[in-house]
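Worksheet: one structure, shown below.
Keep in mind that this is a model prediction, so the values were computed, not measured. Each ligand, and each atom within it, is numbered from 1 in the order the structure gives. This chain uses plain numbering: 1 for the first residue, then up along the sequence.
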Amino acid sequence: MHKATEGRHLLETNVSSATKTVVIGPDHPVRIIGERINPTGRKVLAAEMADGNLQRVADDAVAQVAAGAAILDVNAGVPMVDEPALLAQVVKLVQSLTDVPLCLDSSVVGALARGLETYEGKALVNSVNGEENRLEAVLPLVKKYGAAVIGLAMDDSGIPETPEGRFQVARKILDRARDHGIDPSDVLIDPLVLPVGASPNAGRVVLDTLRMVTGELGVNTVCGASNVSFGLPNRPGLNAAFLSMTVASGITAVIANPLEETSRTGILAGNVLMGKDEHCMGWITAHRKPPTDG
Ligand code: THG
């Protein structure tokens, strides 16, 4: 056993808001991290956020929580905008409207820092990866604020093609986190989902990496599944099938759109079919009334 994991037991990750803790782990339903608060690919939202109009952000926050998001991803990466200031503003707004923990999503270290400074509770930082610069910039912040962090399976050489290559990057991130005083239970590994239309093995590589990371490192895992269907028709159908396969491969959280009914069904069905939905209550509850469609 590698030094990243002393035992065989699977770890739990706690994240929290000021008033609520969410436990991520193999004995819990796969947690939905709502992906909607992200201007990437949403021209109207990006323009509104650039103008300081955060009404759609507020509406998306409330609707995603109503649709079953346990955590909300917040990304303020609008081109030509002061991202640190905007992310802090979004964090404050969303925390005033909902009590779910937040996942602070930025490639800009200064934005993560301002977001963490503003955040009340134990945040999930999205993300670090195996690049030297990124490890040494992000991990001290994660430690300083007592946060948890997502580690992407890529490094200075790019995204490895094989599950073994991605697994090695995951192990490096966990080892470096430990060097910075961050416990492996506070690191979620993201195998990185690429479009299956461009690379036919993209789905299988993710599923094999999930099994390796879960089985050999015992840490929690997460992915943003929507990328898998990029450029293809019926994206929700592919996303839903892929999401249920990631649940079967041991994933413990997913970044997804709970307002998209087909994807949500894939996650909830995965939980039922993998014995992660006690008495099927999540499934039954979700079908009691028409789901919120935002
Ligand atoms: N891993 C981690 N974080 C991530 C990703 C990941 N963060 C960003 C992304 N990938 C996950 N979030 C999204 C958000 C939106 C979409 C996909 C992934 C998306 N949006 C529609 C589009 O671009 O076509 C637009 C939706 C709309 O207009 O309503 O697909 O992999 N750790």
Side-chain angles (χ1 to χ4, degrees), residues 13 15 24 30-49 56-57 59-61 63-64 67 69 71-78 83 87 90 102-108 111-112 115 123-131 134 138 142 147-154 159 166 169-170 173 187-197 199 202-203 205-207 209-210 213 219-240 242-243 246 251-264 267 293-294:
T13 307
V15 291
I24 300 167
V30 168
R31 304 304 185 191
I32 300 175
I33 304 174
E35 74 182 11
R36 293 280 294 166
I37 303 175
N38 188 334
T40 317
R42 292 182 71 187
K43 285 203 180 99
V44 174
L45 177 66
E48 289 172 352
M49 289 175 81
R56 196 178 303 262
V57 169
D59 294 346
D60 277 342
Q64 288 184 105
I71 298 169
L72 293 177
D73 188 86
V74 290
N75 182 306
V78 183
E83 187 177 335
L87 186 62
V90 169
L102 301 186
C103 174
L104 310 183
D105 187 352
S106 181
S107 56
V108 177
L112 294 175
L124 181 57
V125 171
N126 187 8
S127 56
V128 73
N129 59 41
E131 293 170 2
R134 188 84 184 168
V138 173
V142 171
V149 64
I150 295 174
L152 307 182
M154 59 175 288
I159 304 174
R166 295 191 197 185
V169 178
I173 293 169
V187 183
L188 279 76
I189 296 299
D190 182 337
L192 280 173
V193 176
L194 299 174
V196 80
S199 69
V205 170
V206 166
L207 302 176
T209 306
L210 287 173
V213 168
V219 299
N220 285 303
T221 51
V222 62
C223 75
S226 318
N227 236 5
V228 83
S229 59
F230 189 78
L232 291 169
N234 189 9
R235 292 187 66 181
L238 282 172
N239 293 347
F242 185 63
L243 282 160
T246 65
I251 208 159
T252 49
V254 291
I255 302 171
N257 179 5
L259 302 178
E260 206 292 293
E261 185 51 31
T262 310
S263 298
R264 181 166 165 267
I267 301 162
D293 64 7

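- No donor-acceptor pair under 3.5 Å is formed between the side chain of Asn220 and the backbone N or O of Thr252.
- Arg56 places no side-chain N or O within 3.5 Å of a backbone atom of Glu48 that could act as its donor or acceptor partner.
- Protein residues having at least one heavy atom under 4.0 Å from any atom of ligand 1 are Glu35, Arg36, Asn38, Gly41, Arg42, Asp105, Asn126, Ile150, Leu152, Asp190, Gly224, Ser226, Arg235, Ile255, listed by chain and number.
- By the 4.0 Å N-to-carboxylate-O rule, Arg36 lies too far from Asp59 to be salt-bridged with it.
- No hydrogens or angles considered: nothing links the side chains of Asn38 and Asp73 as a donor-acceptor pair under 3.5 Å.
- At least one donor-acceptor pair closer than 3.5 Å links the side chain of Gln64 to the backbone N or O of Glu35.
- Within the 4.5 Å cutoff, side-chain heavy atoms of Cys223 are placed close to those of Thr246.
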